[in-house]
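Take a look at the structure below.
Computed from a predicted structure; not experimentally measured.
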There are 2 protein chains.
Amino acid sequence: MCIGKLPTQKLGFAKNETKFCRTVYTTTLTQTEENYLKALLKLTEESAIPAVGTNELALHLGVKPATVTDMLKRLRDKALVSYEKYGKISLTDNARSLAIDVIRKHRLWETFLCRNLGFSWHQVHEIAEQLEHVQSVELIDRLDAFLGFPKIDPHGDLIPSKDGVFHARPKRTLSMLGVSQTAVMVGVGDNSASFLQYVDEVGLRLGMDIWVKGIQPYDALIEIVIDGKSITISQKFAAQIFVGAKLADQEFLDLGLDREGDL
Amino acid sequence: MCIGKLPTQKLGFAKNETKFCRTVYTTTLTQTEENYLKALLKLTEESAIPAVGTNELALHLGVKPATVTDMLKRLRDKALVSYEKYGKISLTDNARSLAIDVIRKHRLWETFLCRNLGFSWHQVHEIAEQLEHVQSVELIDRLDAFLGFPKIDPHGDLIPSKDGVFHARPKRTLSMLGVSQTAVMVGVGDNSASFLQYVDEVGLRLGMDIWVKGIQPYDALIEIVIDGKSITISQKFAAQIFVGAKLADQEFLDLGLDREGDL
DNA sequence: AAATAAAGTTAGATTATACAAACAATGTGC
DNA sequence: GCACATTGTTTGTATAATCTAACTTTATTT
């Protein structure tokens, strides 16, 4: 058994292999470094914010801005971000690939936890935050196969494929629907445990048909019907519910809904 | 997302609950600390060595003796080992419980990796070394249930139950058998990848019937018959193969052999 | 028992990650 | 375009985990 110097060791970049359109340099990042890259990817790409700042990153990661500045300098030395004093922060192509791999691992583990171990979707984030840092390409490839190469995780977020591609479909939110329109819930925009528990309470589930019965002209409150029950929700809430057209069989598979019998 | 101070934070011991015969104090150990406790447990209990030394520990953990001395002082301050300069090293009861939990996690993950993800037994150790440090009681309990509460891991080692008990059966080795005796392979004494690959090569598998056809008087080489094939093995090799009497149905379940159809 | 070998410890240095407090740059309001 | 707020950086400090080199203690051998 070797407890080793995994987080301490010097960087040894090694060109690995070229597949599809990206070149991957294998290197061992510390868990902290992986978290910084993941945060940067999320803040630069998933939200539509143009430039990410030190403060915002610090808030997102639960550290102080000074710490972020320090880390950015180290990430720059390792060619993972391009960044200059008071300037813009951006991931290098290589770092972006690495960050996508971490997200892939996170979402595959979340899928496993919900589908096979019976966790609810609001319980899995914390655990997946740890599992995502386990280093083994073989492991994640086999997990992917075990799960049947899912494209969507339990929150409705896209799982990038092995070659780093998000097979995205355009997303609409429940707040975009007009009166008397129907749609199917396909995901959520807020993955906090408190929001997810609220969604559960309200009775909404992935794959569920939603009918917009009415919208109050005065305060824009939305009345929807699900499972024959009528409930009232806010615009703020509706803006975090992703919806799509009626699900095709393939998408049902993606969501793993056909697997609930497993447990 | 919070990358947090998990490994950095001060110890906050909190008395948790008393169950069966042990009181568990919840505390957050760093991965390194967990590895030291695990190594101490292995060296003090699994092998029959009376006293563990700094050198031996250092060798086992892949660090220098000086590092071990440092760490022992810190573990003593946290009431995890009892130890005095140049004196004997031993785990406190609480630390022993924590170490057993780590071993439990390790062996459950190994079981999962072999049974469900199709890894060979010589591939799983490294990955389980990482997975064992994921902190979530809920996770490991659910994994345990998912696997059907196995008592034996892919190497034939005992998996402690949730309350820290190894449900041990006395172990005999193949080298203890006499001519014309038969037995069933139930485990191995050496978990190194090289040994396990050798076992695979020879054609031995857990649960397999073994017939000792003969033992050379001159050099004690053993001739065994498995699956109708006759092979010759050394005493050294035979001493690392654990055997038992014919398997009862229950033990078949423990080994997970009835599950191979899953993959 | 003295000499030597082995085992264990201390001291000082290093790296990764974090913080607080002080400081510097950038941006905004009027 | 100055005053002030916001944002970002530097400096100095701390802890966890490691190392090397020098030193001390214990054990073994003759």
Checklist entry - Just to confirm, is there a sub-4.0 Å distance from OP1 or OP2 of dA16(D) to any side-chain nitrogen or oxygen of R74(B)? => result no

Could I get a table of every N or O pair under 3.5 Å where one atom is in the protein and the other is in nucleotides 21-26 of chain C?
from	atom 1	to	atom 2	distance (Å)
dA25(C)	O4'	Y86(A)	OH	3.4

Next on the checklist: By the 4.0 Å heavy-atom rule, please label T69(B) as base, sugar-phosphate, or nothing.
Outcome noted: base

Checklist entry - To the nearest angstrom, how far is L57(A) atom CG from dG8(D) atom P? => result 9 Å

Item to check | Interatomic distance where CG belongs to L59(A) and C1' belongs to dG8(D) [whole Å] | outcome: 15 Å

Please report, to 0.1 Å, the donor-acceptor pairs under 3.5 Å made by any side chain of residues 84-91 of chain A, with sequence neighbours excluded.
from	atom 1	to	atom 2	distance (Å)
S90(A)	OG	S82(A)	OG	3.0

Item to check | T32(B) vs dA17(D): side-chain N/O to OP1/OP2 distance below 4.0 Å | outcome: yes

Checklist entry - How many Å lie between NZ on K88(B) and C1' on dT25(D), as a whole number? => result 16 Å

Next on the checklist: It should be established whether T67(A) places a side-chain nitrogen or oxygen under 4.0 Å from OP1 or OP2 of nucleotide dA18(C).
Outcome noted: no

Checklist entry - How close or far is atom C1' of dG8(C) from atom CZ of R76(B), stated in whole angstroms? => result 13 Å

Next on the checklist: Under 6.0 Å between ring centres: does that hold for F112(A) and F112(B)?
Outcome noted: yes

Item to check | Contacts of type side-chain hydrogen bond (donor to acceptor under 3.5 Å, both in side chains), residue T67(B), not counting sequence neighbours | outcome: none

Checklist entry - Taking atom types as modelled, is there a side-chain donor on Q31(A) or H133(A) under 3.5 Å from an acceptor on the other? => result no

Checklist entry - So, is K73(B) close to the dT10(C) phosphate, meaning a side-chain N or O under 4.0 Å from OP1 or OP2? => result yes

Next on the checklist: What is the distance, to the nearest angstrom, from the CG atom on L61(A) to the P atom on dC19(C)?
Outcome noted: 10 Å

Checklist entry - Between H125(A) and H155(A), does the ring centroid distance fall short of 6.0 Å? => result no

Checklist outcome for this item: Rounded to whole Å, the CD-P distance (E33(B) to dT15(D)) equals 15 Å

Item to check | Parallel, tilted or perpendicular, as decided by the 30° and 60° cut-offs, for the rings of F195(B) and F237(B) | outcome: tilted

Checklist outcome for this item: Residue pair D70(A)/D70(B) against DNA chain C: nearer the 5' end by closest nucleotide is D70(B)

Checklist entry - In whole angstrom, what separates Q31(B)'s CD from dT18(D)'s P? => result 11 Å

Checklist entry - Is there a side-chain polar atom (N or O) of Y36(B) under 4.0 Å from OP1 or OP2 of dA16(D)? => result no

Next on the checklist: On a heavy-atom basis, which atom in I103(A) and which in K38(A) lie closest, and how many Å separate them?
Outcome noted: CG1-CG, 3.8 Å

Checklist entry - Taking the side chain of M71(B) as heavy atoms from C-beta outward, which of dT9(D), dC19(D), dA17(D) is closest to it? => result dA17(D)

Next on the checklist: Rounded to whole Å, please give me the gap between CG in L72(A) and C1' in dG8(D).
Outcome noted: 10 Å

